[in-house]
Amino acid sequence: MTRILGVVGLLVVLYAALYESNPAATSTRSLTSLANIQGRYGVVTLGAALVIITGGIDLSVGSVVGCSTVLFGVLMTDYGIPPLPAAGLVLLFGATVGLVNGLLVTKLKLQPFLVTLCGMFIFRGAARMIGSVVGAQSVTEAHPEFAPSLDAMTLYLVGKDEKGALVFPAMFALLLGLAAVVGFFLHRTAYGRYWYAIGYNEQAARYAGVNVDRHRAAVYVICSTLAALGGILLFLDINTHQADTAGAGLELYAILGAVLGGCSLRGGEGTAVGMVLGAMVLPVIEKLVNFRGEKSTVIPVVIGTTLLIGTIVDELIRRRSRLNR
Amino acid sequence: MTAPPATPRLRATAVGKRFPGVVALDGVSLTLAPGEVLAVVGENGAGKSTLMKIIAGVYQPDAGTVELDGQPVQFPGPREATAAGVVLIHQELNLAENLTVTDNLFLGREPTGGGGLRVLNRRAMADRAAGLLARVGLPADRLRKRVELLPPGEKQLVEIARALGTAVRVLIMDEPTSSLTQKETERLYTVIDALRADGVSVLYISHRLAEVTRCADRVTVLRDGKNAGELAKGEITHDNMVRLMVGRDMKQFYPKDKRSGVGGAPVLTLAGVRYRGGPDVPASLEVRAGEILGMAGLVGAGRTELSEAVFGVRPLTAGELRLDGKHLRVRGPADAIAAGLLLVPEDRRLHGLVTEAAVGFNLSLPNLDRLGSLLGVRRRAEAELHRTWIDRLRVKTPSAAQPAGLLSGGNQQKVVYGKWLARGPRVLILDEPTRGVDVGAKAEIYALVDELAGRGVAVWMITSDMEELLGMSDRVVVMHEGRVAGELPRARLTEEAVMHLATGGTAT
């Protein structure tokens with residue numbers, strides 16, 4: 001609970017700073033566009049956070065996002081597969097990646113850090129191999145008949161009309177919907193209990209009859225599938241993408257979002273609400289830096305520093321509450 | 001016996017310590033003469049560990065004084081206590097597992113040269129380390145071994161050797177034998193005898209009263225943070241200690257009220273079972289309805305491993321399990337649990353409980369299949385389950401939301417029983433059912449097991465506690481080096497008979 005209050009406090013401070021830097025930044029329009037970006041980050045964060053709750057880690061998220069973006073574009077442009085089936089194939093790709101990660105971690109008992117670090121390189125490389133630059137425009141140039149369904153998909157998933165103007169923050173709505181589902185599973189069903197139990201004490205879960213391997217593998221599948229969905233959203237949201245950079249570094253954003261939202265890297269802790277709130281932090285920081293007219297090169301420093309301060313404050317609060325117990 | 005010296009080595013007077021919400025110590029006093037071994041016993045929560053931590057500088061007392069050789073002392077931390085010759089060896093050993101024995105012996109006080117460079121003086125370390133190991137009876141080839149490669153008993157001895165390296169005057173041992181084999185325990189006694197002869201005073205905390213009888217010169221009993229009494233050498237008996245610890249006579253300590261003691265039909269049968277990583281000899285035995293089958297054997301005899309194979313943790317490679325005479329396939333714990341074959345594991349904190357999670361979380365964990373619906377876990381049914389088992393087992397916890405790891409050992413163990421009893425066991429495998437459990441909770445657990453057997457549950461109880469084995473078992477199977485060495489009916493059940501089989505003697 002205190003964890004949630006912490007991230008809420010951080011968000012309040014950040015939004016206040018945003019308002020203070022330039023009231024235009026807090027116009028409804030600007031905030032909706034921000035919310036949409038938060039939604040896109042959040043979708044990826046949910047998956048990464050579930051893996052963290054079971055005591056694992058997934059470093060391949062960013063590369064899977066990038067690879068999915070490129071794959072989505074290439075499937076439509078070069079192979080002439082219509083948008084909807086193409087999206088289905090991309091999600092299947094994500095699920096397969098997750099399954100392989102999960103099996104390597106559970107059956108071969110490899111360390112998740114190493115397995116997904118390798119994945120991070122492999123899928124970035126794969127993205128470069130299958131295409132270099134992709135975008136909605138090259139799709140519709142090659143296949144004009146795809147335009148209507150691509151536009152519809154953009155409207156419903158990303159909330160932008162055919163001219164690229166934001167109609168409503170669909171990605172934020174999507175995040176809330178997915179978070180509600182994740183929250184239901186996490187807090188209301190036996191699955192969630194098993195995930196927490198595995199994260200806290202895998203042995204005790206095994207001795208209580210929990211099929212640890214199956215649940216561990218399942219969260220990797222969920223994580224990579226959500227990353228693939230993130231790749232599709234990224235494709236629809238922005239005009240052109242380089243295979244080198246699409247989704248780069250997103251794994252760290254996702255992990256940081258999860259941790260800010262109260263997940264412990266030791267496993268066993270975290271809430272769905274926290275994940276959403278945690279994922280909202282980084283886009284605000286980025287926007288704040290932009291609006292203050294700083295160069296975007298300072299963003300990593302600002303993010304790192306904010307997190308470090310957040311971590312220190314969190315630890316201090318925890319020590320104090322332990323003393324008062 | 002010479003007259004006691006005028007000033008004791010250690011004297012604690014009217015020591016008080018309160019933590020938020022609890023009075024841990026309420027005016028406790030003790031004295032310790034040079035070269036004396038004083039055992040401090042009491043139920044969990046009686047304040048033993050707190051008192052030891054105050055003496056060793058881990059905690060500061062709120063009231064009272066501690067004197068060392070007549071000088072009042074108040075150590076700001078364990079470091080200062082160690083410097084003054086008061087060393088505490090923790091229940092959980094504090095060795096750096098990845099370093100060698102020699103490195104550990106001098107950790108934090110390495111002999112160095114080269115001024116600020118602190119270059120290790122390896123020769124001095126090696127020489128002194130050899131001497132220290134010799135004093136605790138460890139061979140010199142251990143010096144270069146990494147600590148993680150040593151068996152638990154030797155780690156304990158390394159800890160003692162480290163204490164000896166600091167010119168120790170008072171050595172405090174908190175449950176030193178909890179992870180030791182019988183042989184290692186014997187070795188520890190020898191070392192304690194040698195320490196006593198060297199004039200080192202020893203404070204010894206143990207739940208195992210038989211050990212206390214063996215090695216203590218005097219016993220101080222604590223109860224609810226107060227002195228409950230003292231026993232001189234000649235008065236140290238199991239009954240005397242238990243009476244002081246619980247403040248009443250323990251009649252019916254090993255009850256046999258609810259069960260007949262004669263087993264019914266076999267419920268669980270092991271027919272020629274072998275398992276991966278196990279011995280070549282197949283094991284066969286049966287557990288009958290309504291009986292308590294005790295299983296004895298030395299540590300390493302393969303009792304835990306066999307029970308884990310039956311529970312599905314270790315895969316079977318040969319033989320068959322039968323439940324009520326019908327073949328039972330167990331591919332994992334989930335299958336065993338579904339068949340009503342439940343295991344209370346030996347290592348509660350590692351296998352039995354999710355200690356960070358709430359009591360209720362643990363009670364629910366294996367029962368979620370019965371609490372679930374399309375709309376998730378039924379909260380009302382779940383709360384009902386928590387209430388039922390916390391009440392029926394008299395688990396002392398502020399609420400079901402309390403993290404299980406914060407309960408005392410006995411109450412933790414009750415939670416492990418609760419999560420299984422909620423399922424209604426057919427066969428209950430108890431592996432060291434009362435390890436680390438205080439006397440009061442022990443009696444409650446024995447009564448519970450008796451009641452379960454009385455209701456027809458087949459109980460398979462693995463235990464290294466001889467009194468428990470003799471007191472509770474209706475029939476005993478003894479294991480030796482992975483095989484079933486023999487079976488003893490109640491009528492022929494004696495300590496000698498058990499040890500005869502457990503040490504490789506032939507059945508008579």
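Numbers restart at 1 for each chain; the letters A, B, ... are given by sequence-line order, proteins then strands. What you see is a predicted model; the values in this text were computed from it and never measured.
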Distance, nearest 0.5 Å, that separates [atom1] of [X] from [atom2] of [Y]:
| X | Y | atom1 | atom2 | answer |
| --- | --- | --- | --- | --- |
| A:Glu202 | B:Leu350 | CD | CG | 10.5 Å |
| B:Phe361 | A:Tyr196 | CZ | OH | 9.0 Å |
| A:Arg206 | B:His351 | CZ | NE2 | 9.0 Å |

Please examine the side chains of B:Leu368 and A:Tyr194, heavy atoms only from C-beta on, and report whether any two atoms are closer than 4.5 Å.
yes

Pick one of side chain, backbone, both or neither for A:Tyr191, based on which atoms fall under 4.5 Å of a heavy atom in chain B.
neither

With only heavy atoms counted, which part of B:Val313 is less than 4.5 Å from chain A, the side chain, the backbone, both or neither?
side chain

Which heavy atom of [X] sits nearest a heavy atom of [Y], and at what distance?
| X | Y | value |
| --- | --- | --- |
| A:Asn201 | B:Arg349 | ND2-O, 3.2 Å |
| A:Phe184 | B:Gly376 | CZ-N, 3.8 Å |
| B:Ile337 | A:Tyr207 | CD1-O, 4.1 Å |
| A:Ala205 | B:Leu365 | CA-CD2, 4.4 Å |
| B:Ala334 | A:Gly209 | CB-O, 3.5 Å |
| B:Pro366 | A:Ala208 | CB-O, 3.5 Å |

Thinking salt bridges, do B:Glu382 and A:Arg193 make one under a 4.0 Å N-O criterion?
yes

Near [X] [atom1], under 6.0 Å, is it more than 12 heavy atoms from other residues, nucleotides or ligands?
| X | atom1 | answer |
| --- | --- | --- |
| A:Phe121 | CZ | no |
| B:Glu148 | CD | yes |
| A:Arg214 | CZ | no |
| A:Lys109 | NZ | yes |
| B:Arg314 | CZ | yes |

Heavy atoms only, distances under 4.5 angstrom: which of A:Ala197, A:Gly192, A:Ala204 has the most pairs with chain B? Name it, please.
A:Ala204

